[in-house]
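Only one structure is covered here, and it is reproduced in the block below.
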Amino acid sequence: MTPLRAQIDDAVKFLRTKTSAAPSVGIILGTGLGGLVKEIAAEIVIDYSEIPHFPVSTVESHKGKLIFGTLGGKSIVAMQGRFHYYEGYTMQQVTFPVRVMKALGVNTLLISNAAGGMNPLFTKGDIMLITDHINLLGDNPLIGHNDDTLGPRFPDMTEPYTHELIALAEKVALDQKIRLQKGVFVAVSGPNLETRAEYRFLRGIGADVVGMSTVPEVIVAAHQSMRVLGFSIMTDECFPDALKPVSLQEVIAVANAAEPKLTSIMKEVVARL
Ligand code: HPA
C-alpha cells in the first residue's frame, strides 16, 4: 500500500466512526462563497483539525469544517474552507480532501472560487462557468509515485469540466434568470495579485479569469475519474490598461454579493443531478 493510500484510509476510517453517510456529491466553496452551507441540512460537522492527515486552513476568510448532510435531497459532503498552495501546503495536502471524498463514494465535485476577470466583456460580480483551465502553478499534485489504484499515471484532460454538468448549470441559470459567463480559468500560485504585464500575458494565452485555487483539486478529480462542475465569481476587473488596486475586503464583498445567485444555481444543479 502507498503512503497516500494509507493516509486516505486513516481519514476515511476516522470519518466512519462519526458518520455512515454515503455522499455522492462533494462541494468545495471559495473565498466569500460559503453561504451555500446555510442551505445544507447538516447531519454532522467535523473540524478539519480532527481528521487524520487533513491540513488546517490558515486563511482567516476560510473556515475549516467538513459538513455531511443533504442538499436538494442528495447526500453531500462540503468543505467549508479550502487549502491554497500559497499557504505553504504541498499539492498533495491541498488535494487530500478530494482523495478522501472519492474514497467516501463521491463521484461529482462542485467547486467555486473568487477570481480576477481579464475578459473585457465580463463585469465585476459575474458568475463564470469554468469550461477549461490552464495550470500555471508551477507544480502538480500528481508529481511523484503514481498509485495506480487511485488513477492512471497520465490522466486524460480533454474534459476536466464535465460537459453534461456545464449544460445542466446553463439550463438551471436560464430557468432562474441568472446571467452566466463561460470561460477559461488560469491558476497562479499567488499570494500577490498580478502585475499589469502578467494580466496582459494571461489574457493573451487564452484565460478569461485568474485565481489561486481550484486547478489542483480538479487535476486530482480528473485523476480519479470524477465529474466536475466549476464556478468562478469575478471579484475584480483585471484590465491591464485601467488597473485599480484591489483589497481582500473588496474581493470578499463582491463574492458575498454574488454568492446568493451562485448558491441558488448550485442547489438546483445538485437537485437535478
Ligand atoms: N488574481 C488572482 N487571484 C484573484 C484575483 C486576481 O486578480 N482576484 C481574486 N482572486
Side-chain angles (χ1 to χ4, degrees), residues 27-36 57-63 79-89 91 94-95 110-141 160-161 180-219 230-263 266:
I27 299 173
I28 302 178
L29 301 168
T31 304
L33 302 172
L36 181 68
S57 188
T58 66
V59 182
E60 236 176 79
S61 49
H62 286 263
K63 299 198 176 92
M79 287 180 73
Q80 193 175 23
R82 64 137 64 89
F83 305 106
H84 299 86
Y85 189 54
Y86 63 72
E87 294 176 80
Y89 301 114
M91 283 280 176
V94 168
T95 55
L110 269 59
I111 190 160
S112 67
N113 62 53
M118 298 171 297
N119 183 330
L121 301 177
F122 293 1
T123 315
K124 200 152 91 166
D126 275 356
I127 302 174
M128 189 193 86
L129 277 175
I130 306 174
T131 55
D132 208 347
H133 75 220
I134 300 172
N135 177 17
L136 285 191
L137 287 160
D139 201 349
N140 190 302
Y161 301 85
L180 272 191
Q181 306 284 11
K182 280 198 289 186
V184 175
F185 176 87
V186 59
V188 295
S189 73
N192 58 281
L193 299 182
E194 289 66 43
T195 64
R196 290 172 203 267
E198 286 166 344
Y199 285 130
R200 210 172 277 121
F201 165 74
L202 295 171
R203 178 72 185 138
I205 62 169
D208 295 289
V209 301
V210 54
M212 305 173 194
S213 66
T214 303
V215 163
E217 293 98 320
V218 172
I219 290 173
F231 297 89
S232 289
I233 302 294
M234 176 168 156
T235 55
D236 49 303
E237 295 180 345
C238 305
F239 308 142
D241 298 309
L243 196 62
K244 296 188 199 83
V246 47
S247 66
L248 177 65
Q249 285 70 28
E250 276 175 78
V251 166
I252 292 173
V254 176
N256 283 338
E259 184 274 321
K261 283 191 285 182
L262 179 63
T263 291
M266 287 176 95

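Just the heavy atoms: all of them, side chains too, but no hydrogens, waters or symmetry mates, feed the values below. Note that ligands are numbered from 1 as they come in the structure, with each ligand's atoms numbered from 1 the same way. Just so it is clear, the model here is predicted, and its values are computed rather than measured.
- Within ligand 1, the atoms closer than 4.0 Å to a non-hydrogen atom of T235 are 8 (N), 9 (C), numbered from 1 in the order shown.
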- Message: Pair M212, L193 - check side chain to side chain contact (heavy atoms under 4.5 Å, CB included), show working.
- Response: CA-CA 9 Å; M212 305 173 194; L193 299 182; 3.7 Å; yes

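- The shortest contact between atom 4 (C) of ligand 1 and any protein heavy atom is with V210 O, 3.6 Å.
- Residue contacts with ligand 1 for Y86 are absent, since no atom lies close enough (heavy atoms, distance under 4.0 Å).
- Rounding to the nearest 0.5 Å gives a distance of 14.5 Å between CZ of R200 and CD1 of I205.
- Each of the following atoms of ligand 1 lies closer than 4.0 Å to a heavy atom of M212: 2 (C), 3 (N).
- For atom 7 (O) of ligand 1, the closest non-hydrogen atom on the protein side is Y199 OH, 2.8 Å.
- Residue N113 holds its CG atom at 8.0 Å from CG of L33, rounded to the nearest 0.5 Å.
- With a heavy-atom cut-off of 4.0 Å, L193 touches ligand 1 through its side chain alone.
- Using a cutoff of 4.0 Å between basic side-chain nitrogens and carboxylate oxygens, R196 and D241 are not scored as salt-bridged.
- In terms of protein heavy-atom proximity, atom 5 (C) of ligand 1 is closest to G116 N, 3.4 Å.
- Note that CD of E194 is 4.0 Å distant from OH of Y199, once rounded to the nearest 0.5 Å.
- Numbered from 1 in the order shown, with element, the atoms of ligand 1 that lie under 4.0 Å from a heavy atom of A115 read 8 (N), 9 (C), 10 (N).
- Of the protein's heavy atoms, E194 OE1, 2.6 Å lies nearest to atom 1 (N) of ligand 1.
- Distance check, rounded to the nearest 0.5 Å: CD1 of I28 to CG of L36 gives 12.5 Å.
- Ligand-side atoms of ligand 1 in range of C238: 7 (O), range being under 4.0 angstrom from any heavy atom.
- The part of A114 lying near ligand 1 is the backbone, judged by heavy-atom distances below 4.0 Å.
- A side-chain donor from one of Y85 and D139 sits under 3.5 Å from a side-chain acceptor of the other.
- The OG atom of S112 lies 5.0 Å from the CE atom of M266; values are rounded to the nearest 0.5 Å.
- Looking only at heavy atoms of the protein, atom 8 (N) of ligand 1 is closest to D236 OD1, 2.6 Å.
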